[in-house]
Each structure stands twice: as C-alpha cells, then as structure tokens.
Amino acid sequence: MEEVKVFCPATIANVSCGFDVLGLALDDVGDEMIVRKSSTKGIRITKIRGQDLPLDPTKNVAGVAGLAFLEASDYNQGFEIEIIKKIKAGSGIGSSAASSTGAVWAMNHLLKNPFSTLELVQFAMAGERLASGVAHADNVAPALFGGFTLVRSYTPLDIIQIPTPEALYATVIHPQIEIKTSDSRKVLKTKISLEDGIKQWGNLGGLIAGLYTQDYDLIGRSLEDHIVEPIRSILIPGFDIVKSKAIEAGALGCGISGSGPSIFALSKGKKIAEHVAEAMQRSYHKIGVSYELHLSPINPQGIKIINESDAIL
Ligand code: HSE
C-alpha cells in the first residue's frame, strides 16, 4: 500500500466549559488529504486545493506535524501530501487540526501503525503550535480519536475518550469573518477568580457526567462558560442573539466553537438541531451577517479512509 486518501473531520474545541481540554469531532465537514510514500526523504506538499496555504512543509501545519512524525520514526524515506481544504482557516472548527492530524494519521497507516493514537496527538500538536503559538490538543485529540475527548493532563499527555450519547447533534453557524486563534487567545486573561473556577469545574464535571449517563438535561445545564465566552463573544457578530434564539429553539446549550467566530449548539436529535439551525440563520438574516451552516451528528470514529489505492509511484 503506497497511497491513502483520508477524511479529516472538523472539530469543536472547548465545548463551552472545557477551555483547552474538551473537544468533539464532527461528521459532515472536514478536509480531505492524499498521502503517499515517496523515495525522496522528508515531506513534500505537492498540491493544496481550496485555500492559499504554504507548500513549504516547515510553514504548513501538515508539514510540521509530518516532520515531527518522521523525526520520531525509523522510516528512512519520505511522504508526499496533497491537501483538499474544505474547512476555512480561522473559522473555529479546527482547520489546522484537520490538516495536521490527517497527515500523521495517514503516514502512520501507510507504515502499518508504528505509533499509538496518543503519539499521533503529540505530533499533530506541533502543527497547532505553528498555527496558534500554543500546542493545544483539544482539536487534534477528537480528530484522531473521534467522539468527545478530554485532555486530563498536558504533561504528561493524558487523553480520555468520553462516550457520546447517540442522539446528540451539533449545529454550527460560521459568520463569514476570520478570527485567528492566536489573536483570540491574546484577548484572554491569564488569571481567573476562584469564584469563576468553581463554576467552571462544576460545569465541566457535570458535562462529563451527563455524557456518560446520557442525561441530556444535565448536558444542557453544564454547557456554560464563565471564563472565556464573556470575553471572546465580543468579537463575534450577533453572538448573544444567535445564542438566545438557539436555546429558545430547543438547543441543550450553545457557545463559541473553539476560538470562534463559529457558534455551536448541541441538541437532542436531528429535528431539534434543524429547528436550531433555522433560528440561528434567521438571526443572522435579520442583522445582515452572511454565514455558512453545518449540521452534524458527532463523529464517533475521527479520521477515516475514503479511498485507497495500491498504485506504486
Ligand atoms: N482551545 C483553543 C482555544 C481551541 O480556544 O484557543 C482553538 O481552536
């Protein structure tokens, strides 16, 4: 096997109360990548469709993640990567994570999986460091493991897979502006009050318990963010109205997807998620904000092969 084509899912990081530690994978939106073995050492990014991004592997998140993989591997040849970008950069649904995880997952697959998924997370985090200045794992972990993931600890890296209640659906609306993660991290405070901490870890514990026990009300009550959302929401057009209309339409909860500007809502069942989508869209129509919409079940699998060929290069 010399070549593999993979689907690399978009992801929602933070999920309101889990800044930098919680994330989930989506099913209906993601990038595609073709990775093939090459007799030339190193990483070559041969083609990028859909976006204007650097082909230089040291300046591209997929390249940087791939180089981290190669450095740890005893494979002494190289890989070529083609990227078909479908997730917009600066959208808040893990565009850089999709590229960096897709590269390392496909490379691992072509070498018959010498590395564990946890090790792949570490390689992909090098891509996140390039993209945002911080090697956060809350997008790359769900892209690689699927479902919901919790980064219990960064040092040492400890990632827990959290079960996903079956009826859970995500609605994501992306106002058509770009917010760089590095910029939306700069606006955050580096210290929080004990009072806010108490609310936040109460909610994070509640959300995890709700996911384990499929308690949708508890999930809804726990989708609150007292630390990051009050600051970042100012950067997002119409955030408050979109959020209140989503909740009114039946969403369990609603918040900022990753570092924004996308806004996500979680609902019980596709029907409610569709109502929520309509309500969110109506709000943006009213205030004249153009948007893109995604409606998706939670992706239990993460990255997957979409087409494989045995073609020898
Ligand atoms: N946890 C990161 C942040 C996710 O909110 O900055 C970025 O997608």
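Any value given below was found using the heavy atoms of this structure, including those in side chains, with hydrogens, waters and symmetry copies removed. Indexing begins at 1, ligand by ligand and atom by atom, following the structure's order. Position 1 is the first residue of the sequence; numbering continues from there.
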*asked:* For the CD1 atom of Ile236 and the CD1 atom of Ile263, what is their distance to the nearest 0.5 Å?
replied: 5.5 Å
*Check each heavy atom of Arg232 against ligand 1 and say whether those closer than 4.0 Å belong to the side chain, the backbone, both or neither.*
side chain
*Output the list of atoms in ligand 1 that are nearer than 4.0 Å to some heavy atom of Ala13, sorted by atom number.*
4 (C)
*Among all protein non-hydrogen atoms, which one is nearest to atom 8 (O) of ligand 1, and what is the separation to 0.1 Å?*
Asn139 OD1, 2.9 Å
_His294 and Phe264: CA distance, side-chain angles, deciding distance, ring pair (Phe, Tyr, Trp, His ring centres under 6.0 Å) verdict_ = CA-CA 9 Å; His294 308 288; Phe264 80 95; over 10 Å; no
*asked:* Among all the protein's non-hydrogen atoms, which is closest to atom 2 (C) of ligand 1, and how far away is it?
replied: Asp20 OD1, 3.3 Å
*Given Phe115, which of Tyr75, Phe69, Trp105 fulfils the ring-ring contact (aromatic ring centres under 6.0 Å, His included) condition?*
Phe69
*Keeping the roles fixed (side chain from Glu166, backbone from Thr164), state whether a donor-acceptor pair exists under 3.5 Å.*
no
*ligand 1 versus Asn14: contacting region, heavy-atom distance under 4.0 Å*: side chain
*Is the charged tip of Lys304 near the ring of Phe7: under 6.0 Å from the six-membered ring centre and within 45° of its axis?*
yes
*Note the single closest protein heavy atom to atom 6 (O) of ligand 1, along with its residue, its atom name and the distance in Å.*
Arg185 NH1, 2.7 Å
*Do any nitrogen or oxygen atoms of Thr181 come within less than 3.5 Å of a nitrogen or oxygen of ligand 1?*
no
*For Ser16 and Glu229, test the side chains for any donor-to-acceptor distance below 3.5 angstrom and give the result as yes or no.*
no
*Looking only at N/O atoms, are Asp138 and ligand 1 under 3.5 Å apart anywhere?*
yes
